[in-house]
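To start, the structure under review is shown below, and the notes come after it.
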There are 2 protein chains.
Amino acid sequence: MTRSEENYLKAIFHLGGQNSKLIATNAIAEQMETKPSSVTDMAKKLAEKGLLHYKRYQGVTLTPMGVKTALAIIRKHRLWEVFLVKKLDFTWDEVHEVAEQLEHIKSEKLIDKIDALLEYPKFDPHGDPIPTKTGEFQERAKQLLSELPIAAQGVCVGVKDTSSTFLKFLDKNSIALGNTIHILDKEDFDNSLHIQIEGRELQISNQIASNLYVKTA
Amino acid sequence: MTRSEENYLKAIFHLGGQNSKLIATNAIAEQMETKPSSVTDMAKKLAEKGLLHYKRYQGVTLTPMGVKTALAIIRKHRLWEVFLVKKLDFTWDEVHEVAEQLEHIKSEKLIDKIDALLEYPKFDPHGDPIPTKTGEFQERAKQLLSELPIAAQGVCVGVKDTSSTFLKFLDKNSIALGNTIHILDKEDFDNSLHIQIEGRELQISNQIASNLYVKTA
DNA sequence: AATAATATTTAGACAAATCTAAAAATATGT
DNA sequence: ACATATTTTTAGATTTGTCTAAATATTATT
């Protein structure tokens, strides 16, 4: 498996190619910031290798083997993200770029040891699930903070908007994954929220609240 | 810098290209397990980039910039080796292959954090020095265990033979880097040694002793 | 110093991954 | 349903890093 092949499989998986849904050439090209013609070339190659089904002019779906391979890469990516945050004090918004490189390191022993060192985490710093070695994972039931009623509480598990701007805002306000958030009050006028987080009290806009995922107990 | 370019610079450095000694095309080809014609191509490219001096039919030496770049890669390689051994319980003979991949990860912050996590080690698990960020490093004064007189003692700092067979022998006999070795007796007949190491006593052949580097106090 | 042996370079080819521009298929709008 | 717009594919070119085989330079031998 080349690095490029791995990146294509990952992108197709993220576009939903695991459930026999046909993924369009253009969608893949956009996701990967490349040209549709390049996608066509790679689709033929990956079909040849039995990693996906390719129908001319129709699109692409992953085979079971393609799904398995994609999950292995996603597993590595997310484990490295946890490592960077937990062991090397990277902030939330810095990990992605480095993990994009580290996910391609080929060593089963290495990733297993990293997994053990981190004590087998189930979720990455963005709240996304980490597949097991055998490819199992469970999506966390999550809802937007803005959807919770007054007096409810939830654990911060992820973001909808993953832009660097937003992640930096969260860092600046010390809102981190795993934090418990209590909703103290809601403002009818602009739907802004009065919350309690890690002992502190904070006022946040509806725009913030509708980009933060929480898991309710 | 592509991965291939980095590998060429590293190989040339290891062949002595840092001290304006001309390194032959064939030597590089052998070190890298590639063909001389490929080396010629790459030499032209790296000369173009100002990383080495290339004289047709003569050979190649690194420029100051080439040396700096090579040292940065060697620094990364050796820090990753320490990480694998100290933090992930890799054995001595397993680290090289993985470090060959990890050394190409591009993130200054990552390698600085790894350096800090390991508490700024000066030597890698093979006893080779780790260059600082600014490219400084000091070769350790070392001698072969077989050269020490009776009653002398030294700290195990490296190996001459780096074959997997030899490294596995050391693991099996729990002879590890950093261990202090006392020479209790020498056998005139075959120059085998009676040593004390980490509390245990051991009989080792001259062939073993002449492939183990120690640093005397 | 001429010849043989070795080392190095050149020229041309190839595979991987990409691109552009043109052609072909599919989808859309009225 | 027909013309138009969009999507996708094809064909051919490009870049990077490699190779083989032939040509050229250097080194060693007698």
Side-chain angles (χ1 to χ4, degrees), chain A residues 1-17 20-62 66 69-70 73 100-101 103-106, chain B residues 1-17 20-62 66 69-70 73 100-101 103-106:
Chain A
M1 286 286 286
T2 69
R3 180 169 298 226
S4 188
E5 288 171 343
E6 292 186 346
N7 285 332
Y8 273 93
L9 289 179
K10 199 177 46 144
I12 293 164
F13 183 93
H14 282 134
L15 289 167
S20 52
K21 187 170 70 174
L22 282 168
I23 309 300
T25 304
N26 258 10
I28 300 168
E30 193 173 340
Q31 172 93 1
M32 303 206 42
E33 297 184 315
T34 183
K35 302 295 168 186
S37 56
S38 307
V39 176
T40 301
D41 289 343
M42 185 55 87
K44 286 176 183 167
K45 201 212 281 195
L46 292 174
E48 192 70 33
K49 292 196 174 189
L51 294 161
L52 50 77
H53 299 295
Y54 166 59
K55 287 262 160 112
R56 267 159 82 251
Y57 292 101
Q58 300 304 126
V60 130
T61 27
L62 295 174
T69 311
I73 302 156
E100 288 278 301
Q101 298 180 64
E103 73 189 0
H104 298 292
I105 301 289
K106 280 163 185 57
Chain B
M1 284 285 288
T2 69
R3 179 168 300 224
S4 189
E5 289 171 342
E6 291 187 347
N7 284 333
Y8 273 93
L9 288 180
K10 197 177 49 147
I12 292 164
F13 183 93
H14 282 134
L15 290 166
S20 52
K21 187 168 69 172
L22 281 168
I23 309 301
T25 304
N26 258 10
I28 300 167
E30 193 172 340
Q31 171 94 1
M32 303 207 39
E33 297 183 314
T34 184
K35 303 293 166 187
S37 55
S38 306
V39 176
T40 302
D41 289 344
M42 186 56 87
K44 286 176 185 168
K45 200 212 283 198
L46 292 174
E48 191 70 33
K49 291 196 175 191
L51 293 161
L52 49 77
H53 299 293
Y54 167 59
K55 286 262 159 116
R56 269 160 82 250
Y57 293 102
Q58 299 305 125
V60 129
T61 26
L62 296 174
T69 310
I73 301 157
E100 288 278 300
Q101 297 181 63
E103 74 189 1
H104 299 293
I105 301 289
K106 280 162 186 59

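Predicted model only: the values in this text are computed from it and were never measured. Chain naming here is simple, since letters A, B, ... match the order of the sequence lines and numbering starts at 1 in each.
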TODO: Could you tell me which residues satisfy side chain to side chain contact (heavy atoms under 4.5 Å, CB included) with A/Glu6, sequence neighbours excluded, listed by chain and number?
DONE: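 Testing A/Glu6 for side chain to side chain contact (heavy atoms under 4.5 Å, CB included), a comparison that skips the adjacent residues, returns A/Met1, A/Ile73, A/His104, A/Lys106.
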
Task: With sequence neighbours excluded, residues passing side chain to side chain donor-acceptor pair (under 3.5 Å) with A/Gln31 - done: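 Here no residue qualifies.
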
Task: By side chain to side chain donor-acceptor pair (under 3.5 Å) - contacts of B/Gln101 (at least two apart) - done: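 Once residues adjacent in sequence are excluded, B/Gln101 has no partner under the side chain to side chain donor-acceptor pair (under 3.5 Å) criterion.
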
Less than 4.5 Å apart, any side-chain heavy atom of [X] and any of [Y]?
{"X": "B/Ile23", "Y": "B/Leu62", "result": "no"}
{"X": "A/Asn7", "Y": "A/Glu103", "result": "yes"}
{"X": "A/Met42", "Y": "A/Met32", "result": "no"}

Using whole Å, report how far [atom1] of [X] lies from [atom2] of [N].
{"X": "B/Glu5", "N": "D/dT18", "atom1": "CD", "atom2": "P", "value": "10 Å"}
{"X": "A/Asn7", "N": "C/dA16", "atom1": "CG", "atom2": "P", "value": "17 Å"}
{"X": "A/Leu46", "N": "C/dA16", "atom1": "CG", "atom2": "P", "value": "12 Å"}
{"X": "B/Asn26", "N": "D/dT26", "atom1": "CG", "atom2": "C1'", "value": "12 Å"}
{"X": "B/Met42", "N": "D/dC19", "atom1": "CE", "atom2": "C1'", "value": "14 Å"}

Report all side-chain donor-acceptor pairs from residues 49-59 of chain A shorter than 3.5 Å, counting only partners two or more places apart or in another chain.
unit_1, atom_1, unit_2, atom_2, d
A/Lys49, NZ, A/Glu5, OE1, 3.2
A/Lys49, NZ, A/Glu5, OE2, 2.9

TODO: Measure from the side chain of B/Lys44, starting at C-beta and using heavy atoms only, and say which of C/dT10, C/dT9, D/dT8 lies closest.
DONE: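 Nucleotide nearest to B/Lys44's side chain: C/dT10.
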
- [ ] Please tell me which of the listed nucleotides, D/dT18, C/dT8, D/dT16, lies nearest to the side chain of B/Thr2?
- [x]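 Nearest listed nucleotide: D/dT16.
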
TODO: For DNA chain C, determine which residues of residues 48-62 of chain B have any heavy atom closer than 4.0 angstrom to one of its atoms, and list them numerically.
DONE: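 Per residue number, the list reads B/Tyr54, B/Arg56, B/Tyr57.
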
Task: salt bridge (Lys or Arg N to Asp or Glu O under 4.0 Å) pairs, two or more places apart, involving residues 23-44 of chain A - done: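 Of all non-adjacent pairs touching residues 23-44 of chain A, none passes salt bridge (Lys or Arg N to Asp or Glu O under 4.0 Å).
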
Open item on the list: Minimum heavy-atom separation for B/Thr25 and B/Pro36, please, with both atom names.
Closed with: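 Nearest pair, atom of B/Thr25 first, then B/Pro36: CG2-O, 3.4 Å.
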
Open item on the list: Contact list please: residues 28-41 of chain A against DNA chain D, heavy atoms, distance less than 4.0 Å, in numerical order.
Closed with: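 By residue number: A/Pro36, A/Ser37, A/Thr40.
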
- [ ] Using only side-chain N and O atoms of A/Ser4, determine if any of them is under 4.0 Å from OP1 or OP2 of C/dA16.
- [x]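 False: A/Ser4 side-chain N/O out of range (4.0 Å or more) of C/dA16 OP1/OP2.
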
